[in-house]
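On a predicted model such as this, the values are computed, not experimentally measured, just so you know.
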Amino acid sequence: MHAQAAAAAAILVEASAECGDTDETPFSATELPSFLVHHPGSNSFHESAISRRGAISSTIVSTSEDREGREGPYSSITTFTLHYSKAVKALPLTDSRLADASINSGLSLDDEHYRGEATLEDDLTDSSEAELHELDDEEIVTYFIERDGKLFHNTPESPYPLPVDANELARLDLMHDTLYRLLGAHYLGPVPQVLASTQDGRKRKALDICTGNGKWVMDMAEAFPEVKFRGVDILPISTRYPLPNVRFEMHDVGQQSRWRDGAFDLIHARDISMAIRNWPNLINECARLLRPGGLFVSCEWIHFPVADPSADHDANTYAPASVRFFNTIHQILQREGVQLDPLNAHLSLTQSPQFTDISTERRSAPIGQWPEDETWKNIGNDQKIIFQRFTGSVMPMLTNAGMTEAAAGQLTADYLEEVDNKDGLVCEYVITHARKV
C-alpha cells in the first residue's frame, strides 16, 4: 500500500506542474485537509480543522439527522492524493489513476478555538446545541465520483458538468489571474465602500458562492484583512492554508444556506452559470443573506464566439466551428435545465423588488496573440490557453450526451483550429452589481 501511495503522490506532483507547482513535498497519508461540510436541508455540517502546526482536530457537528444514502464509488480504500497550488498531500482512494485529481480543501481557524470540538458561529440559522462526534476521514471521498478516469462531484442534484482534475483547476487559476489583469482589480463596483469599517466595530462579512479553488476569496481576504470571508462550493477543492479571516464550507448553491437573514455585506458570484438552474431563486436567496445596502456582484463570460468590434466580422460566418462548439454545449446544458445566458443575473435582478442600483457592463479580452499591444497580446495568449483547457474539461460532457469520442474530438479540434488561426476573436465578460434595498 505504501508503494501505491508513493506512486500516486509522484504522479500528482508531476501533474501539479501544470498548476504552477511548488516548493512543498507530498504530505503523509495521515495529514488531513481542513474543511466544513454543511448538509442542505438538515442544518448539519461536518468539520475537520487542521492547525497551522499540522495538529489535527476532527469533529462532526450535527444539529439534526445526518445525510444518509450518499454512495461513493470506492469499496477498497488505498490512496487519494490531494493537491492545490502550494500544497500536495495524500488521503485514501482506490486507484492511482485518480492521482491527477487536484483536490484539496480548507477551513481557517478564524477567531474561534478548536479543542476537539467545533464552535458554532453566531450567524448560524439554527443555534441549537450540536451533537459532536468524530468525523470518519474516509468520508471525503464520498463527495467525488469517478467517470472515465476523471473525478466529478457526487451531488446528483447539481447540474455542474465539469471535472475536478489538474487541467480544470489550472484553467480556473489562469482565468482568475487573467480577469485581474483585465479588470485591474478582483471586482467592479462599490466593493470597498460596502467592506469599509463600521462605526460600531461590527465585522464586515463577504460570501463567495461556487468558490471553486477559492483564489478570489484568498486574494480579497488579503486585500481586506478586517473582513470575514466565506467561500462555499459542493466540493472541498480550495486551499489547504486559508488566511485567518477565511473559511471554506461545502454547500450546494441550489439549496438554502445555513446563515441567518442579513448575514453578509457582499456576495460575489463568478462563472457559476453552469451550476444554476433557477436564477430567480438564487437572487432571492442572495437578497435574504444580504444586509440592507449590501452588494451583489456577478461575473459571467459569454459562452459564444464574439468578434472584436473593430473587425468587420460576423462570428457566425467568420468562426463557424466556434459557433458549432458552443451551440452544442448550450444544447446539452439546456436539457439539464441550465441556460447559459450571460444576462441571467441582470434579468433576475431587474425583476426582483429587493435590489436597486443595478449596473451591468462588458469587458472584452482577446483570444490569441493577434493584438499589437504587448499587454493585450499576453492576455490573449492566456485566454487561448484557458479555452484549450476548457475543451478538455467539456469532453466528458460531450460524450456523456451521446457524442462519439471521434465526433467530440473533431468538434473541439475544429474549434481550437479557429482559435489558433482566426484573428479578432474575443471573449466577453459581463459584470453586474446591485444593492440590496
Side-chain angles (χ1 to χ4, degrees), residues 15-24 83-88 102-104 106 162-189 191-192 206 208-225 229 231 233 235 237-243 246 248 266 268-274 297-303 306 342 361-371 373-394 419 425-431:
S16 67
E18 296 183 70
C19 301
D21 199 11
T22 85
D23 54 356
E24 296 194 22
H83 164 260
Y84 174 79
S85 200
K86 292 291 183 181
V88 180
S102 304
I103 301 163
N104 203 334
L162 302 185
V164 280
D165 59 3
N167 174 76
E168 177 60 11
L169 290 188
R171 182 184 76 88
L172 295 176
D173 281 352
L174 188 55
M175 186 174 72
H176 173 78
D177 296 339
T178 303
L179 272 173
Y180 179 81
R181 285 180 285 158
L182 179 65
L183 302 179
H186 291 300
Y187 53 83
L188 286 181
V191 171
D208 185 35
I209 58 180
C210 300
T211 193
N213 58 16
K215 289 195 74 174
W216 184 89
V217 169
M218 291 291 285
D219 284 352
M220 287 292 288
E222 185 174 9
F224 297 92
F229 284 86
D233 202 276
L235 286 176
I237 59 173
S238 51
T239 175
R240 183 174 179 266
Y241 295 112
L243 295 170
V246 169
F248 293 108
L266 170 68
H268 175 261
R270 184 176 72 185
D271 194 20
I272 71 170
S273 59
M274 286 190 175
V297 179
S298 165
C299 180
E300 295 290 332
W301 60 280
I302 296 179
H303 296 76
V306 179
E361 60 181 283
R362 300 189 180 202
R363 296 290 180 92
S364 297
I367 303 174
Q369 294 183 294
W370 55 267
D373 179 83
E374 194 65 26
T375 298
W376 287 110
K377 187 185 294 290
N378 290 334
I379 290 177
N381 185 63
D382 286 344
Q383 284 289 138
K384 184 172 77 169
I385 295 172
I386 289 169
F387 282 106
Q388 287 171 341
R389 292 192 178 280
F390 181 69
T391 60
S393 292
V394 300
V419 168
L425 293 178
V426 301
C427 174
E428 282 198 342
Y429 290 91
V430 179
I431 304 99

Measure across [X] and [Y] and return the closest heavy-atom pair with its distance rounded to 0.1 Å.
X      : Y      : answer
Pro371 : Lys377 : O-NZ, 2.9 Å
Ala221 : Leu243 : CB-CD1, 3.9 Å
Asp208 : Ala269 : OD1-N, 4.4 Å
Ile431 : Leu183 : CD1-CD2, 4.0 Å
Cys427 : Gln383 : CB-NE2, 3.5 Å
Ser364 : Leu182 : O-CD1, 3.4 Å

- request: List for me each residue that meets salt bridge (charged side-chain N to carboxylate O under 4.0 Å, His left out) alongside Glu222, sequence neighbours excluded, and say none if there are none.
  value: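 Once residues adjacent in sequence are excluded, Glu222 has no partner under the salt bridge (charged side-chain N to carboxylate O under 4.0 Å, His left out) criterion.
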
Contacts of Glu168 that satisfy salt bridge (charged side-chain N to carboxylate O under 4.0 Å, His left out) - sequence neighbours left out: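 Here the qualifying residues are Arg171.
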
- request: Mind checking side-chain hydrogen bond (donor to acceptor under 3.5 Å, both in side chains) for Tyr187 and listing every partner two or more places apart, or none if nothing turns up?
  value: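 Result, side-chain hydrogen bond (donor to acceptor under 3.5 Å, both in side chains) vs Tyr187: none returned.
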
task: Just jot down the side-chain hydrogen bond (donor to acceptor under 3.5 Å, both in side chains) partners of Asp233, sequence neighbours excluded, or say none.
output: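 Partners of Asp233 by the side-chain hydrogen bond (donor to acceptor under 3.5 Å, both in side chains) criterion come out as none, since no residue qualifies.
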
[atom1]-[atom2] distance between [X] and [Y], expressed to the nearest 0.5 angstrom:
X      : Y      : atom1 : atom2 : result
Trp216 : Asp271 : CH2   : CG    : 14.0 Å
Ile302 : Ser273 : CD1   : OG    : 11.0 Å
Ser393 : Gln388 : OG    : CD    : 12.0 Å
Ile272 : Cys299 : CD1   : SG    : 10.5 Å
Gln369 : Glu374 : CD    : CD    : 8.5 Å
Leu235 : Thr211 : CG    : OG1   : 12.0 Å

query: Going through the checks in order, is the side-chain contact (heavy atoms from CB on, under 4.5 Å) test met by Tyr429 and Met175?
result: CA-CA 11 Å; Tyr429 290 91; Met175 186 174 72; 3.9 Å; yes

With sequence neighbours excluded, residues passing side chain to side chain contact (heavy atoms under 4.5 Å, CB included) with Asp382: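 Leu174, Thr178, Arg181, Ile385.
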
- request: Determine, step by step, whether Phe248 and Met218 satisfy the side-chain contact (heavy atoms from CB on, under 4.5 Å) criterion, reporting the C-alpha distance in whole Å, the side-chain angles of both residues, the deciding distance to 0.1 Å, and the verdict.
  value: CA-CA 10 Å; Phe248 293 108; Met218 291 291 285; 4.2 Å; yes

query: Is a side-chain donor-acceptor pair under 3.5 Å present for Asn213 with His176?
result: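 No pair is found: no donor N or O on one side chain lies under 3.5 Å from an acceptor on the other.
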
task: Please report the C-alpha distance between Arg363 and Leu179 in whole Å, then the side-chain angles of each, then the deciding distance to 0.1 Å, and finally whether the side-chain contact (heavy atoms from CB on, under 4.5 Å) criterion is met.
output: CA-CA 10 Å; Arg363 296 290 180 92; Leu179 272 173; over 6 Å; no

The single option from Leu172, Asn167, Val394 passing side chain to side chain contact (heavy atoms under 4.5 Å, CB included) against Leu162: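 Exactly one option meets the side chain to side chain contact (heavy atoms under 4.5 Å, CB included) with Leu162, and it is Val394.
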
message: Are the side chains of His268 and Ile209 in contact, using a 4.5 Å heavy-atom criterion?
response: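 No, side chains not in contact.
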
- prompt: Do the rings of His186 and Tyr180 sit parallel, tilted or perpendicular, given the 30° and 60° boundaries?
  reply: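 Because their plane-to-plane angle lies in the 30° to 60° range, the rings of His186 and Tyr180 count as tilted.
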
message: Please enumerate all residues that pass ring pair (Phe, Tyr, Trp, His ring centres under 6.0 Å) together with Phe390, with sequence neighbours excluded.
response: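 If we apply the ring pair (Phe, Tyr, Trp, His ring centres under 6.0 Å) test to Phe390, skipping adjacent residues, the hits are Trp301.
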
